[in-house]
Amino acid sequence: RLSTDAREWSVKGHITANKFSIIHNNASSPPMELEADYDLAVNWIDKTARLDRLTLDGTRGNDKVLDSRLVQPMQLDWADNSTGVSESKLEIRLAKFDFAEWRPLLGGPIRAGDANAFLTITSRPDGKHLDYELNATGHGFIAAQGQLELSNAEVTLASKGTVEGLKSIDLTKYKIG
């Protein structure tokens, strides 16, 4: 739905994609099944956005590789005189990401390895700040960059921070192991 002056719009729906694959420069991602359910409204006059529903699920074969859920509706407010909104949270989980399967599309130094990641995005009550926390693990990494070579490496990543005023990122914690 779009207002006549295009200052307010909303989009709701459900999408199912069977054997979905991304193709770029003759390289493609592994096919997967994707489902998305969403409900988003934006008001450019009031400088607000509200995400009432978002789920994104991805499977490859019998494995669930992508899972997201909006725990509570998320409202963002970038107006100078914001009155505040309720706190909300979005969780995204990536499982069994196989770099070898994605390498033709992604390129880069990582030739093999599996990764799992969990990202939480929390909208603070003022609607102007988003806190995030990312935790990821990688197993069996094989990579080469110049003369540096990794074989069967285990990697962990932990990062925490805030998107301030929806304009800049304040990284409060990170750890790579």
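The model shown is predicted, which means the values in this text are computed figures rather than measured ones. The basis for the numbers below is simple: all heavy atoms, side chains too, and nothing from hydrogens, waters or symmetry mates.
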**Student:** Please check if the side chain of Ser29 supplies one atom and the backbone of Ile22 the other of a donor-acceptor pair under 3.5 Å.
**Tutor:**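 Yes: the side chain of Ser29 pairs with the backbone of Ile22.
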**Student:** Is the closest side-chain heavy-atom distance between Leu66 and Leu56 below 4.5 Å?
**Tutor:**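 Leu66 vs Leu56: side chains touch.
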**Student:** Check the hydrophobic clustering (I, L, V, M, F, W, Y; side-chain heavy atoms under 4.5 Å; chains of links allowed) and say if Val71 and Phe118 are grouped together.
**Tutor:**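 Per the 4.5 Å side-chain linkage, Val71 and Phe118 are not co-clustered.
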**Student:** So, do Lys89 and Thr120 sit near enough that their side-chain heavy atoms are less than 4.5 Å apart?
**Tutor:**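 Result yes, sub-4.5 Å side-chain heavy-atom pair found.
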**Student:** Identify the heavy atoms of Gly58 and Leu34 that sit nearest to each other, and give their distance.
**Tutor:**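 It is CA-CD2, 3.7 Å.
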**Student:** Is it the case that one hydrophobic cluster holds both Leu105 and Phe141, taking links as side-chain heavy atoms less than 4.5 Å apart, direct or via other members?
**Tutor:**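 As far as the 4.5 Å side-chain criterion goes, Phe141 and Leu105 are connected within one cluster.
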**Student:** If you apply the rule side chain to side chain contact (heavy atoms under 4.5 Å, CB included), what do you find for Lys47 with Ile45, and how did you get there?
**Tutor:** CA-CA 5 Å; Lys47 297 183 178 178; Ile45 298 166; over 6 Å; no
**Student:** Does a sphere of radius 6.0 Å around NE2 in His139 hold more than 12 heavy atoms from other residues, nucleotides or ligands, not counting ones at 6.0 Å or beyond?
**Tutor:**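 For His139, atom NE2 is crowded (more than 12 foreign heavy atoms under 6.0 Å).
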**Student:** Can you pull out every side-chain hydrogen bond (donor to acceptor under 3.5 Å, both in side chains) where at least one residue sits in residues 36-46? Sequence neighbours excluded, please.
**Tutor:**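 Residue pairs passing side-chain hydrogen bond (donor to acceptor under 3.5 Å, both in side chains), neighbours aside: Asp37-Arg53, Asn43-Asp46.
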**Student:** Mind checking the CD-CG spacing from Gln72 to Leu90? Nearest 0.5 Å is all I need.
**Tutor:**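 The distance works out to 12.0 Å.
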**Student:** Are the side chain of Ser123 and the backbone N or O of Leu130 linked by a donor-acceptor pair below 3.5 Å?
**Tutor:**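 No: the side chain of Ser123 does not pair with the backbone of Leu130.
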**Student:** Nearest 0.5 Å, please: how far is OG1 in Thr59 from CG in Asp57?
**Tutor:**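 One finds 8.5 Å between CG of Asp57 and OG1 of Thr59.
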**Student:** Please report the shortest heavy-atom distance between Gly140 and Glu154, naming the atom on each side.
**Tutor:**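 Heavy atoms only, the tightest pair is N-OE2, 3.5 Å.
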**Student:** If hydrophobic clusters are built from ILVMFWY residues whose side chains come within less than 4.5 Å, do Met32 and Leu94 share one?
**Tutor:**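 Yes.
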**Student:** Can you check whether Leu134's main-chain N or O pairs, donor with acceptor, with Ser159's side chain at less than 3.5 Å?
**Tutor:**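 Side chain of Ser159 to backbone of Leu134: no pair is present.
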**Student:** Please list all pairs meeting salt bridge (Lys or Arg N to Asp or Glu O under 4.0 Å) that have one or both residues in residues 94-111, counting only residues at least two apart or in different chains.
**Tutor:**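 Every pair satisfying salt bridge (Lys or Arg N to Asp or Glu O under 4.0 Å) with a residue in residues 94-111: Arg60-Glu101, Asp63-Lys96.
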**Student:** Is any NZ, NE, NH1 or NH2 atom of the basic residue among Asp67 and Arg69 found under 4.0 Å from an Asp or Glu carboxylate oxygen of the other?
**Tutor:**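 Judged by the 4.0 Å cut-off on N to carboxylate O distance, Asp67 and Arg69 do not form a salt bridge.
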**Student:** To the closest 0.5 Å, what do you measure between CD (Glu33) and CZ (Phe20)?
**Tutor:**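 Glu33 atom CD to Phe20 atom CZ measures 11.0 Å (nearest 0.5 Å).
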**Student:** Under 4.5 Å between side-chain heavy atoms, hopping through other hydrophobics if needed: is there a path connecting Ile142 to Leu157?
**Tutor:**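 Unlinked, Ile142 and Leu157 end up in two clusters.
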**Student:** Using the side chain to side chain contact (heavy atoms under 4.5 Å, CB included) rule, take Phe97 and Val65 through it: C-alpha gap first, then chi angles, then the decisive distance, then the call.
**Tutor:** CA-CA 7 Å; Phe97 185 88; Val65 295; over 6 Å; no
**Student:** Which pair of non-hydrogen atoms, one from Ser88 and one from Pro73, has the smallest distance, and what is that distance?
**Tutor:**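 Smallest interatomic distance, heavy atoms only, reads CB-O, 2.7 Å.
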**Student:** Working to the nearest 0.5 Å, report the span between CD1 of Ile110 and CZ of Phe99.
**Tutor:**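 Here the interatomic distance stands at 4.5 Å.
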**Student:** Taking atom CG of Leu150 and atom CD of Gln145, what is their separation to the nearest 0.5 Å?
**Tutor:**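 That separation rounds to 10.5 Å.
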**Student:** Show the nearest heavy-atom pair for residues Ser21 and Ser28, with the distance to one decimal.
**Tutor:**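 Taking Ser21 first and Ser28 second, the nearest heavy atoms are OG-CB, 3.8 Å.
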**Student:** How long is the span from the CD atom in Glu133 to the CG atom in Asn135, to the nearest 0.5 Å?
**Tutor:**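 Between Glu133 CD and Asn135 CG, I get 5.0 Å after rounding to 0.5 Å.
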**Student:** Would you say Val42 and Met74 are hydrophobically clustered, going by side-chain heavy atoms of ILVMFWY under 4.5 Å?
**Tutor:**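 As far as the 4.5 Å side-chain criterion goes, Met74 and Val42 are connected within one cluster.
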**Student:** Is it true that a side-chain atom of Glu91 and a backbone atom of Ile121 form a donor plus acceptor pair closer than 3.5 Å?
**Tutor:**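 A pair under 3.5 Å: no.
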